[in-house]
S.K.: 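Quick one: the structure is below, and I'll ask about it shortly.
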Amino acid sequence: MAEAEKTLQEVLGAFDFGAPVVGAIRYGCGHINDTFVVHTQPEDACCRRFILQRMSAAAFKRPDELMENIIGVTEYLGREIEKHNGDRDREAMRVLRPRSGEPFYTDSLGGAWRVYPFVERTICYQSAESAELFAASGRAFGRFQRLLGGYPAKTLHETIPNFHNTEDRLAKFKAALAADPLGRAKDCQQEIDFVLAREKDCSVALDAMRAGKLPLRVTHNDTKLNNVLMDEETCEGMCIIDLDTVMPGLVIYDFGDSIRFGANHSAEDERDLTKVNLDVDLFAAYTAAFLEGAGGSLTDGEIQYLPWGAKLMTLECGIRFLTDYIDGDHYFHTSREGQNLDRCRTQFKLVQDMESRWEELQGIVDQYRK
Ligand code: ADP
Ligand code: GN1
Ligand code: MG
């Protein structure tokens with residue numbers, strides 16, 4: 001048996017799925033964790049599925065702290081959802097602990113694994129097929145933000161230190177560039193210059209936070225469209241997933257990361273940049289829905305800075321893809337050569353679009369200012 005298969009069998013044996021496992025296969029389009037879907041066959045019911053994940057060791061140095069956050073957040077959300085008469089099992093994830101009772105299982109090679117019941121009758125979209133769908137994701141992320149409004153932020157561990165600290169991302173980019181371990185910098189001079197021309201932008205959100213204009217809240221920090229499961233019947237956001245980066249952050253990060261990924265009609269790694277265009281109507285639809293979901297909880301300063309959230313999350317993500325490309329592709333999963341550079345290029349094209357349509361974006365959010 002190959003080593004990977006042996007490990008998978010070891011891990012499957014560490015959990016009690018309540019019925020025999022009939023198969024486990026790779027699943028989903030995440031860039032970070034190794035995700036599998038596990039099929040089980042109860043005797044007198046139809047197949048029950050689970051999500052099994054090996055947490056990325058490159059991204060998460062402390063799986064124990066990470067799982068403490070996730071258990072805390074999912075249990076808190078569960079209680080809030082029950083208070084609002086929601087469907088606890090479909091609107092918030094649950095953690096299925098291994099037989100040992102620990103929050104996760106460590107395999108004999110040191111990999112850290114966790115299991116969630118699969119949230120059924122939902123669809124995970126990779127692109128916004130309509131403004132209604134994108135708006136539904138916005139309402140769900142806004143609501144998530146509101147539901148976690150009372151969460152004791154101080155108890156959360158910083159699972160990835162300085163995750164959305166754009167100044168720090170810029171510093172790490174410069175360090176990678178100085179080291180240039182594979183001699184790749186010569187292939188991306190245009191992109192390097194693009195970043196260096198926007199050094200000052202990297203401080204805009206942090207400066208506003210330091211000046212007291214943007215409060216720290218509990219935020220998701222990775223609000224891609226494929227991190228919300230949509231109800232297959234109503235097409236409303238059912239369950240927010242990928243809670244690895246729930247940490248104190250700025251609300252404009254959550255807004256901005258959704259716009260970065262969803263307010264256009266191309267894949268994140270599209271090579272034909274003529275296809276990569278910011279869709280301002282999608283931006284407007286998401287803005288209205290996110291603010292509706294957040295239920296009036298955003299301050300005037302936060303609303304004012306929403307376009308900056310969009311631009312900064314897009315610029316920062318492009319910087320991160322470029323850094324990983326220069327470093328040798330150790331962080332984001334890749335399936336072909338140059339994929340991280342292609343991803344960086346789509347992000348920078350979107351940043352350019354945002355810059356050239358800045359007044360329009362600001363006009364849209366200004367309608368909601370108090
Ligand atoms: P990554 O951090 O690598 O993006 P995710 O936690 O987002 O990992 O999971 C990857 C994919 O697995 C998701 O995009 C989604 O399709 C699927 N997924 C994750 N958790 C669940 C769940 N509880 N129920 C159904 N699908 C899930
Ligand atoms: C990663 O985990 P996933 O695939 O949902 C990354 C995000 C990036 C995104 C780019 C923990 O998100 O920060 O914005 O890729 N997550 C982590 O697609 O680094
Ligand atoms: Mg994900």
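As the structure lists them, so they are numbered: ligands from 1, and atoms in each ligand from 1. Side-chain atoms are counted along with the backbone in the values below, which use heavy atoms only and exclude waters and symmetry mates.
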S.K.: Answer yes or no for Arg260: is there a heavy-atom contact with ligand 2 below 4.0 Å?
M.R.: yes

S.K.: Checking contacts here: is it the side chain or the backbone of Thr35 that comes within 4.0 Å of ligand 1, counting heavy atoms only? Could be both or neither.
M.R.: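 The answer is the side chain.
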
S.K.: Per the side-chain hydrogen bond (donor to acceptor under 3.5 Å, both in side chains) rule, which among Thr106, Asp107, Thr7 passes with Trp113?
M.R.: Asp107

S.K.: Return the closest protein heavy atom for atom 1 (P) of ligand 1 as residue, atom name and distance.
M.R.: Asp242 OD2, 3.4 Å

S.K.: Going by the atom numbers of ligand 1, which of them fall below 4.0 Å from some non-hydrogen atom of Asn227?
M.R.: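 Heavy-atom distances to Asn227 below 4.0 Å select 7 (O).
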
S.K.: Would you kindly specify which portion of Thr122 sits under 4.0 Å from ligand 1, judged on non-hydrogen atoms: side chain, backbone, both or neither?
M.R.: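 For Thr122, no heavy atom sits under 4.0 Å from ligand 1.
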
S.K.: Among Ile241, Asp324, Asp222, which residue places a heavy atom closest to atom 12 (O) of ligand 2?
M.R.: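 The nearest heavy atom belongs to Asp222.
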
S.K.: Applying a heavy-atom cut-off of 4.0 Å, say which part of Asn33 lies close to ligand 1: side chain, backbone, both or neither.
M.R.: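 Looking at Asn33 and ligand 1, atoms from backbone and side chain both fall under 4.0 Å.
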
S.K.: Taking the six-membered ring for Trp and the single ring otherwise, decide whether the centroids of Phe255 and Phe283 are under 6.0 Å apart.
M.R.: yes

S.K.: Nearest N/O/S atom of Asp242 with respect to the Mg ion (ligand 3), by atom name, please.
M.R.: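 That would be atom OD2.
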
S.K.: Measure the distances from the heavy atoms of Phe261 to every atom of ligand 2 and state whether one is below 4.0 angstrom.
M.R.: no

S.K.: Mind checking whether Phe50 and Tyr116 have ring centres under 6.0 Å apart?
M.R.: no

S.K.: Using the benzene-type ring in the case of Trp, are the ring centres of Tyr27 and Phe118 under 6.0 Å apart?
M.R.: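 Under 6.0 Å, so yes.
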
S.K.: Does ligand 1 have a heavy atom under 4.0 Å from the side chain of Asp222, from its backbone, from both, or from neither?
M.R.: neither

S.K.: Between Glu268 and ligand 2, is there a nitrogen or oxygen pair with a distance under 3.5 Å?
M.R.: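 Between Glu268 and ligand 2 (N or O atoms, distance only) the closest approach is under 3.5 Å.
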
S.K.: Could you tell me the residue and atom name of the protein heavy atom closest to atom 20 (N) of ligand 1, and the distance to it rounded to 0.1 Å?
M.R.: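 Protein heavy atom with the smallest distance to atom 20 (N) of ligand 1: Ile51 CG1, 3.8 Å.
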
S.K.: Please work out whether any backbone atom (N, CA, C, O) or any side-chain heavy atom from C-beta onward of Asp244 is under 4.0 Å from ligand 2, and answer side chain, backbone, both or neither.
M.R.: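 For Asp244, no heavy atom sits under 4.0 Å from ligand 2.
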
S.K.: Can you tell me the protein heavy atom closest to atom 17 (C) of ligand 2 and the distance?
M.R.: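 Result: Tyr331 OH, 3.4 Å.
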
S.K.: Kindly give the heavy-atom pair with the smallest separation between Thr74 and Ala92, and that separation in Å.
M.R.: O-CB, 4.4 Å

S.K.: Kindly work out whether a path of hydrophobic side-chain contacts (I/L/V/M/F/W/Y, heavy atoms less than 4.5 Å apart) joins Val11 to Val37.
M.R.: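 Per the 4.5 Å side-chain linkage, Val11 and Val37 are not co-clustered.
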
S.K.: Closer than 3.5 angstrom, by distance alone: can the side chain of Asp279 be matched with the main-chain N or O of Leu282 as a donor-acceptor pair?
M.R.: yes

S.K.: For ligand 2, is there an N or O atom under 3.5 Å from any N or O atom of Thr245?
M.R.: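 Among all N and O atoms of Thr245, none is under 3.5 Å from an N or O of ligand 2.
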
S.K.: Of the non-hydrogen atoms in Ser56 and Asn33, which two are nearest, and what is the gap between them?
M.R.: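 Heavy atoms of Ser56 and Asn33 come nearest at N-OD1, 2.9 Å.
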
S.K.: Hey, is Gly30 one of the residues with a heavy atom under 4.0 angstrom from ligand 2?
M.R.: yes

S.K.: Only heavy atoms of Ile32, strictly under 4.0 Å: list the atoms of ligand 1 that pass.
M.R.: 2 (O), 3 (O)

S.K.: Please confirm whether Arg320 approaches ligand 2 to less than 4.0 Å, judged on its heavy atoms.
M.R.: yes

S.K.: Determine whether the side chain, the backbone, both or neither of His31 has a heavy atom under 4.0 Å from any heavy atom of ligand 1.
M.R.: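 Contact part for His31 vs ligand 1: backbone (N, CA, C, O).
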
S.K.: State the atoms of ligand 1, each with its element, that fall below the 4.0 Å cut-off from a heavy-atom position in Met93.
M.R.: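 Close to Met93: 23 (N).
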
S.K.: Given that the side chain starts at C-beta and the backbone is N, CA, C, O, which of these parts of Pro117 lies under 4.0 Å from ligand 1, counting heavy atoms, or is it both or neither?
M.R.: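 For Pro117, only backbone atoms sit under 4.0 Å from ligand 1.
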
S.K.: I'd like to know if His333 contacts ligand 1, where contact means a heavy-atom distance under 4.0 Å to any ligand atom.
M.R.: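 No.
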
S.K.: One pair to check against salt bridge (charged side-chain N to carboxylate O under 4.0 Å, His left out): Glu80 and Arg146. What are the steps and the verdict?
M.R.: CA-CA 10 Å; Glu80 290 298 306; Arg146 181 160 49 85; over 6 Å; no

S.K.: To check you understand the geometry: which heavy-atom pair defines the closest contact between Arg90 and Cys239, and what is its length?
M.R.: O-CB, 3.1 Å

S.K.: Give the numbers and elements of all ligand 1 atoms closer than 4.0 Å to a heavy atom of Cys124.
M.R.: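 Contacts of ligand 1 toward Cys124, numbered from 1: 14 (O), 15 (C), 16 (O).
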
S.K.: What is the closest protein heavy atom to atom 17 (C) of ligand 1, and at what distance does it sit?
M.R.: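 Here the nearest protein heavy atom works out to Tyr27 CE2, 3.7 Å.
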
S.K.: Check whether more than 12 heavy atoms from other residues, nucleotides or ligands sit under 6.0 Å from atom CD of Gln189, and answer yes or no.
M.R.: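 Counting neighbours around CD of Gln189, more than 12 heavy atoms of other residues, nucleotides or ligands fall under 6.0 Å, so yes.
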
S.K.: Any N or O of Asn227 that comes nearer than 3.5 Å to an N or O of ligand 2?
M.R.: yes

S.K.: Is the number of heavy atoms from other residues, nucleotides or ligands under 6.0 Å of Lys172 NZ greater than 12?
M.R.: yes

S.K.: Check each atom of ligand 1 against the heavy atoms of Gln53 and keep those under 4.0 Å away; list them by number with element.
M.R.: 5 (P), 6 (O), 8 (O), 9 (O)

S.K.: For atom 24 (N) of ligand 1, what is the closest protein heavy atom, and at what distance to 0.1 Å?
M.R.: Val119 N, 2.9 Å

S.K.: What about Ile51 and Leu243, same hydrophobic cluster or not, with Ile/Leu/Val/Met/Phe/Trp/Tyr joined at side-chain heavy-atom distances under 4.5 Å?
M.R.: yes

S.K.: Has Gln41 got a side-chain atom pairing as donor or acceptor with Ala45's backbone, closer than 3.5 angstrom?
M.R.: yes

S.K.: May I ask you to identify, for Phe321, whether its side chain, its backbone, both or neither come under 4.0 Å of ligand 2 on a heavy-atom basis?
M.R.: side chain

S.K.: Within ligand 2, which atoms have a heavy atom of Asp242 less than 4.0 Å away?
M.R.: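 The list of qualifying atoms is 2 (O), 3 (P), 5 (O).
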
S.K.: Nearest protein heavy atom to atom 15 (C) of ligand 1, by residue and atom, and its distance?
M.R.: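 Its nearest protein heavy-atom neighbour is Ile241 CD1, 3.6 Å.
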
